[in-house]
Every structure is written in C-alpha cells, then in structure tokens.
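In what follows, a structure is listed as structure tokens, so that the remarks can point back to it.
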There are 2 protein chains.
Amino acid sequence: MRQIQDYIGFQLLQIHKAHRRLAEAALNKLGVHTGQELILLQLWIEEGIPQSQLAACMEVEPPTATKMLQRMESAGLIVRRQDPEDARVSRVYLTARGRALEQPILDVWKQLEAQTVTGLSLTEQALLHRLLLQVSTNLSQHVVLAVHPVRET
Amino acid sequence: MRQIQDYIGFQLLQIHKAHRRLAEAALNKLGVHTGQELILLQLWIEEGIPQSQLAACMEVEPPTATKMLQRMESAGLIVRRQDPEDARVSRVYLTARGRALEQPILDVWKQLEAQTVTGLSLTEQALLHRLLLQVSTNLSQHVVLAVHPVRET
DNA sequence: TGCTATTATTTAGACGGCTAAACAAAAAAG
DNA sequence: CTTTTTTGTTTAGCCGTCTAAATAATAGCA
C-alpha cells in the first residue's frame, strides 16, 4: 500500500502547518494573528463592508468572523458600527492602527511567498500555480465521500 | 502589485481549508476528528509508543498531543498506560474500537486523495508531488522573516 | 395591520493548534 | 547521597475553526 506520506493530501497538510508557523511568528510581532490579516486585507480594499460579507469572502462561517472581529476590536485594529439603514448588519471599519499595518503585513506576505517558492524557476512556479488551481477546484466540489461501516471484531 | 489570490501561499491556505472540510465530514461519521486519524495511523504502525514520540512524529507540540489523547481516550479509541520502567512516560495503546477504524479511515484517505488529484495525469501528479516537496523543504527552514516597524500616522 | 418567514449576528461549546508555566520523575553533578 | 538539571506530561489560557441554537430586526404575506 502507498504510504500516507506519499499522498498529496498529506503533503498539503504539512506544508500548511509549516506555512502557518512562519506566518504566525512574523505576524505576532505586528500584534496580529494568522487569519486576521486576511480580514485586514479585505478592509484595505473595501472598508465598511458588512461582516457577513467579510465572512463570505474569507470563506469562513459567521460565528468565526464574529469571534475574530471581537478580538480585533479589543486589540484596537477595527471598529464595528451598526448600519443606520438596517439595524441587523454591522459594518466593519479600520482604526488608524489597523490602517498602519497595511505595508508591514503585505511585506510579510511577500517575504513568505519568496520563501515558499525558493528554488523554483518562474516556469515551475506557474506550473505549480496551475496544478494547485486544479486541486482547489477538485476539493471545492462538496461531494460526500463514502464511509464504510466499522465492523468491530 | 500582485493580488494576494495569486500567491502560492494563499492557494495553499484555501486548499487546506477545503481539504479539511471534506475530511472532517467523512471522519465525523466514524466518530473521529481530523488530526486524530494521524495519531491512529501511527498507532496502527507501532502501538504502545510514548506520547512524546507520537507528538514528535506528528510534528505537534506536547500539549496538543495531551489534549487530543485525552479526548480520544474519553471516546474509547485509545488507552494510555504509564511505562513501568520510567514513570514519566505514558504509552499509548489502541482499543478494539480504535483498531476497527483502520480500514474505514484508510479508505477515507484514499478517496480523498483520488478527489484531490482528479483531472491530473500521473505525470502531473508526480510533478506536483515534487514541487510540493521543494515547497515543504523551503518552509521547514525555520527562518525568521524580517518585520518592518509600524509607523502610525 | 399583525403574524410569519427570512436574514444578520451572537452565544455556547466542541476541536486542533500554540505558548508559558507548573509538576513529577529520572538523570547528572557535586 | 543530596542537590541540581533535564525530561515527559499536564494545566491554563489564547486563537481559528466548526455546528447548533438563541436573538434581533427586516421583509413578506394574509
């Protein structure tokens, strides 16, 4: 049987862990946690969007967004204000502190990307990107895997 | 500037999320959570290993292993027994329930892998594997990324 | 108008992951 | 042989992630 270590799926798991480790270390120095920078990234593009939309474009469930935003608000990175037209929606805005993180965080991502593709030619990078796009598509189909029943001996 | 969506690092993040989603859905039906199956995987190879070693080969910190094993013990998947020779180490053993999960879980992984590489030729799969190996190596160097100071306006 | 969906957010609680600090037992040093 | 150091595990507490259920406010419909 093939070793689990040979599975692409397993490699992706390990890579993700390593990638996260490096990102976390760098972002912590800026007072941010991995994941939060993606929220900021969206806000730098479009400030004041409803948090439901923020959750959607991050592909995260609403409760996850709620928690993260609560923490980011406590940390003084963002503020939330109720929409005057629709009292249900809460819109998210940057603070000066949140705005000031744009360049440093983009820089962290840039360095991390450089580290990630070290030793790969531009051709290989493009190829990897294409292959990962296919994988991404494959996994986004929300198929239901068959699960064989457990027969206890 | 390059969009963050074009970064290999960002693709890896999304892929991991999707992969985890599918794995979690399938494993839940077997009464297991993602991550726990990797512990079982190791135990099917080598039962009775010290949990420090288990943590090491999963590349996870000791407290993480402790928590997971506590839950898995509550769930009746494993048991932990103190080593008689060295009272510090706790060795991990499978229960019948944990042993019975071997085939179903391997099957889930096999299906998930098939889903992952759908549409890729064997050549492309080998290529992807090789490229990911390089990325894995790149990210395993525990370099320290430079972090530019934040200048608030 | 008033009742019923529907929609946006939050709370509660579980899980994987981490760091820092406590704890216990064995090994090393004096 | 006693003290100090090292090693293995655990506790506490934080963060991201999820699901299920509660809450609140708008929109729809009779």
Side-chain angles (χ1 to χ4, degrees), chain A residues 13-40 49-75 77 80-92 142, chain B residues 13-14 16-40 49-75 77-78 80-92 142:
Chain A
L13 209 81
Q14 301 225 117
I15 288 173
H16 171 258
K17 215 176 281 185
H19 191 272
R20 183 197 166 89
R21 229 185 285 262
L22 291 180
E24 185 72 17
L27 292 176
N28 280 178
K29 294 182 193 161
L30 296 171
V32 177
H33 295 271
T34 42
Q36 299 185 345
E37 90 277 24
L38 297 179
I39 289 183
L40 292 173
I49 68 176
Q51 68 176 67
S52 55
Q53 220 169 299
L54 212 44
C57 78
M58 280 189 63
E59 299 193 59
V60 142
E61 297 305 311
T64 301
T66 295
K67 272 197 191 175
M68 291 175 73
L69 291 171
Q70 283 171 343
R71 286 168 186 145
M72 290 172 78
E73 193 159 22
S74 300
L77 298 169
R80 290 179 295 172
R81 278 200 293 277
Q82 203 179 44
D83 184 312
E85 316 247 306
D86 187 338
R88 291 172 300 182
V89 336
S90 109
R91 294 182 174 275
V92 186
H142 33 98
Chain B
L13 209 81
Q14 301 224 118
H16 171 258
K17 215 175 277 184
H19 191 273
R20 183 196 165 91
R21 230 185 284 264
L22 290 179
E24 185 72 17
L27 291 175
N28 280 178
K29 294 182 193 161
L30 296 170
V32 177
H33 295 272
T34 43
Q36 299 186 344
E37 91 277 25
L38 298 180
I39 289 183
L40 292 174
I49 68 176
Q51 69 176 64
S52 56
Q53 218 169 303
L54 211 45
C57 79
M58 279 189 64
E59 298 193 60
V60 142
E61 298 304 312
T64 301
T66 295
K67 271 197 192 173
M68 291 176 73
L69 291 171
Q70 283 171 344
R71 287 171 186 142
M72 289 173 77
E73 192 159 25
S74 300
L77 297 170
I78 55 118
R80 290 181 294 172
R81 279 201 292 279
Q82 203 179 44
D83 185 312
E85 317 247 305
D86 187 337
R88 288 172 300 182
V89 336
S90 110
R91 295 184 172 274
V92 186
H142 33 97

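Proteins come first, then strands; the chains are lettered A, B, ... in the order of their sequence lines, and each starts at number 1. Values reported hereafter were calculated over all heavy atoms of this structure, with side chains retained and with hydrogens, waters and symmetry mates removed.
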Minimum heavy-atom distance Asn28(B)-Val32(B), with the two atoms named: ND2-O, 3.1 Å

Expected output: side-chain Glu37(A) to main-chain Gly35(A) donor-acceptor under 3.5 Å: yes

Could you tell me the separation between the CD atom of Glu61(B) and the P atom of dA21(C), rounded to a whole number of Å? 15 Å

With Leu38(B), which residues qualify under side chain to side chain contact (heavy atoms under 4.5 Å, CB included), at least two apart? Phe10(A), Leu13(A), Leu41(B), Met58(B), Trp109(B)

If you take all heavy atoms of Ala65(A) and Val60(A), which pair is closest and at what distance? N-CG1, 3.9 Å

Distance, rounded to the nearest Å, where Glu85(B) contributes CD and dA26(C) contributes P: 11 Å

Just grab all the salt bridge (charged side-chain N to carboxylate O under 4.0 Å, His left out) pairs involving residues 62-75 of chain B, residues at least two apart or on different chains. Glu73(B)-Arg80(B)

Mind calculating the distance between CG (Asn28(A)) and C1' (dG17(C)) to the nearest angstrom? 13 Å

Partner residues of Arg20(A) under the side-chain hydrogen bond (donor to acceptor under 3.5 Å, both in side chains) criterion, sequence neighbours left out: none

Taking only residues two or more places apart in sequence or in another chain, which ones pass side-chain hydrogen bond (donor to acceptor under 3.5 Å, both in side chains) with Arg88(A)? Asp86(A)

Looking at dG17(C), does its base get a donor-acceptor pair with the side chain of Lys67(B) below 3.5 Å? yes

In short, Gly31(A) meets Leu77(A) closest at the heavy-atom pair O-CD1, 4.4 Å

Please name all residues satisfying ring-ring contact (aromatic ring centres under 6.0 Å, His included) with His33(B), sequence neighbours left out, ordered by chain then number. none

N/O (side chain, Gln70(A)) to phosphate O (OP1/OP2, dT11(C)) under 4.0 Å: yes

Taking every heavy atom of Gln82(B) against every heavy atom of Ala87(B), the minimum-distance pair comes out as NE2-O, 3.0 Å

First and last nucleotide of DNA chain D touching chain A, 5' to 3', heavy-atom cut-off 4.0 Å? dC15(D) to dT26(D)

Rounded to whole Å, please give me the gap between CD in Glu24(B) and P in dC15(C). 10 Å

So, does Arg71(B) get its side chain near the phosphate of dG16(C), meaning an N or O under 4.0 Å from OP1 or OP2? yes

Letter per nucleotide, 5' to 3', of nucleotides 4-9 of chain C [B base touched, S only sugar-phosphate touched, - untouched; heavy atoms, 4.0 Å]: ---BSS

Residue pairs, two or more places apart or on separate chains, that pass side chain to side chain donor-acceptor pair (under 3.5 Å) and touch residues 52-62 of chain B: none

Between dA25(C) (P) and Asp83(B) (CG): distance, integer Å: 14 Å

Within residues 30-38 of chain A, the residues having a heavy atom closer than 4.0 Å to DNA chain C are none

Take the protein atom CZ of Arg21(A) and the nucleotide atom P of dG17(C), then report the distance between them rounded to whole Å. 10 Å

